[in-house]
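Heads up: the structure comes next, in structure tokens.
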Amino acid sequence: MENFNGHLPEQVDELQKIPGVGRKSANVIASVAFNKPALAVDTHVFRVSARIGLTHHARTPLEAEKQLVRYIPESLHSIAHHWLILHGRYICKARKPECDHCGLQPYCKYYKQNKKQEAI
Ligand code: SF4
């Protein structure tokens, strides 16, 4: 209330100054509430991006975010976040990815390195 005159800031850097708001939440707020090009990296986005090969040796969500926004067009940042989350939640699950039902097989680094060998 004091720092932002009672208004929620729209920029990710400003949002992170609010106690309890980390980078992921700031990106979600900027993207969903203010329609800014922001790509939040949660556990699903982090895992799925690494498996597919959209990120390379990212050690933290911030590293993953920086790699993703470098290659995904800005106009798609918001929706890419949702695509990756939903894909991670329903198909590319943490413990057991459902590669047999996944349309990304031909493009997926994890599939090429692991599952393809099993099928041979
Ligand atoms: S092929 Fe398998 S590992 Fe790759 S994105 Fe699909 S479910 Fe995930």
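Atoms within a ligand are numbered from 1 in the order they appear, just like the ligands themselves. Source: prediction; values computed, not measured. In this chain, numbering begins with 1 at the start of the sequence shown.
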Would you check if [X] and [Y] make a side-chain contact, meaning some heavy-atom pair closer than 4.5 Å?
X	Y	value
L76	W83	yes
K24	P61	no
H57	E63	no

Show every donor-acceptor pair shorter than 3.5 Å between a side-chain atom in residues 4-13 and any protein atom, with sequence neighbours excluded, or say none if there are none.
from: E10; atom 1: OE1; to: K36; atom 2: NZ; distance (Å): 3.4

For atom 5 (S) of ligand 1, the protein heavy atom that lies nearest, with its residue and separation: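 Checked against all protein heavy atoms, atom 5 (S) of ligand 1 sits closest to H87 NE2, 3.5 Å.
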OH/Y107: more than 12 non-hydrogen atoms of other groups inside 6.0 Å: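 No, because the 6.0 Å sphere around OH of Y107 holds 12 heavy atoms or fewer from other groups.
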Greater than 12 external heavy atoms within 6.0 Å of K66's NZ: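 Open.
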Of the protein N/O/S atoms, how many lie under 2.8 Å from atom 4 (Fe) of ligand 1: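 Protein heteroatoms (N, O, S) closer than 2.8 Å to atom 4 (Fe) of ligand 1 number 1.
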